[in-house]
Amino acid sequence: ADDTPIDYEQLPSAAKTFIQSDFPSLQISFITKDPDLVDTTYDVHFSNGLIVEFNSKGEWKEISCNTEAIADKYIPEKILSTISKRWPSAEVRKIERYRQGYELELSNRLELKFNKQCKLVEIDD
């Protein structure tokens with residue numbers, strides 16, 4: 001990986017707005033930029049272990065945290081409903097959104113894939 005450390009000011013404006021509105025009290029540990037052939041990504045690492053990956057437009061692509069659950073507001077309602085019914089004691093530790101849908105990792109180590117309609121299509125353990 002060609003991750004280069006950058007300053008907060010170098011993030012896309014939409015990413016800065018997202019951080020200011022959603023994580024105003026969290027301290028940023030460091031930020032990296034990864035210029036890829038397809039899309040430049042930015043990883044913002046917070047002191048509590050939270051990591052948010054943004055695309056070149058400043059839209060979040062992935063939110064992850066090994067120490068605590070990802071807030072429900074980042075997870076579509078249909079996906080939350082499926083998880084709460086099938087794995088009621090599990091927490092979402094990572095969510096990634098991409099063109100085909102979503103990929104999540106739970107605290108019980110299951111990896112789930114959902115399509116665009118938020119239908120569960122794959123389970124990896």
For [X], I'd like to know if atom [atom1] has over 12 heavy atoms of other residues, nucleotides or ligands within 6.0 Å.
X	atom1	answer
Gln27	CD	no
Asp125	CG	no
Lys33	NZ	no
Asn115	CG	yes

Problem - By side chain to side chain donor-acceptor pair (under 3.5 Å) - contacts of Asp39 (at least two apart) - result: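 Asp39 satisfies side chain to side chain donor-acceptor pair (under 3.5 Å) with Ser56 once adjacent residues are dropped.
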Handout entry: By side chain to side chain donor-acceptor pair (under 3.5 Å) - contacts of Glu91 (at least two apart)
Key =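 Listed in chain order: Arg93.
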So how far is it from [X] [atom1] to [Y] [atom2], rounded to the nearest 0.5 Å?
X	Y	atom1	atom2	answer
Leu110	Trp87	CG	CH2	6.0 Å
Lys94	Glu62	NZ	CD	4.0 Å
Lys78	Lys119	NZ	NZ	10.0 Å
Asn48	Leu26	CG	CG	5.0 Å
Thr32	Glu53	OG1	CD	8.5 Å
Leu106	Ile83	CG	CD1	5.0 Å

Measuring only between side-chain heavy atoms, which start at C-beta, is [X] closer than 4.5 Å to [Y]?
X	Y	result
Asp43	Asp34	no
Pro12	Phe54	no
Leu104	Ile70	no
Leu120	Arg86	yes
Lys73	Asp22	yes

Practice task
Have a look at Phe114 and tell me which of Ile79, Val121, Ile95 forms a side chain to side chain contact (heavy atoms under 4.5 Å, CB included) with it.
Solution key: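 Of the listed options, the one satisfying the test is Ile79.
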Cluster question for you: counting only ILVMFWY and a side-chain heavy-atom cut-off of under 4.5 Å, with indirect links fine, are [X] and [Y] together?
X	Y	answer
Val52	Ile28	yes
Phe23	Ile75	yes
Phe46	Ile6	yes
Phe18	Leu11	yes

Specify the closest pair of heavy atoms between [X] and [Y], including all atoms of both residues, with the distance to one decimal.
X	Y	result
Asn55	Tyr42	O-CD1, 3.8 Å
Ser107	Ser89	OG-O, 4.4 Å
Ile19	Tyr8	CD1-CE1, 4.1 Å
Gln100	Tyr98	OE1-CD1, 2.8 Å
Asn108	Ala90	ND2-CB, 3.8 Å

Problem - Derivation and outcome, side-chain contact (heavy atoms from CB on, under 4.5 Å), residues Val92 and Tyr74 - result: CA-CA 10 Å; Val92 175; Tyr74 304 111; over 6 Å; no
Handout entry: Check: Glu77 main-chain N/O paired with Ser81 side-chain donor or acceptor under 3.5 Å
Key = no
Handout entry: Sequence-distant partners of Glu59, salt bridge (charged side-chain N to carboxylate O under 4.0 Å, His left out), two or more places apart
Key =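 Residues passing salt bridge (charged side-chain N to carboxylate O under 4.0 Å, His left out) with Glu59: none at all.
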Exercise for the section: Name the orientation class of the two ring planes belonging to Phe30 and His45 (parallel below 30°, tilted from 30 to 60°, perpendicular beyond 60°). Expected result: parallel
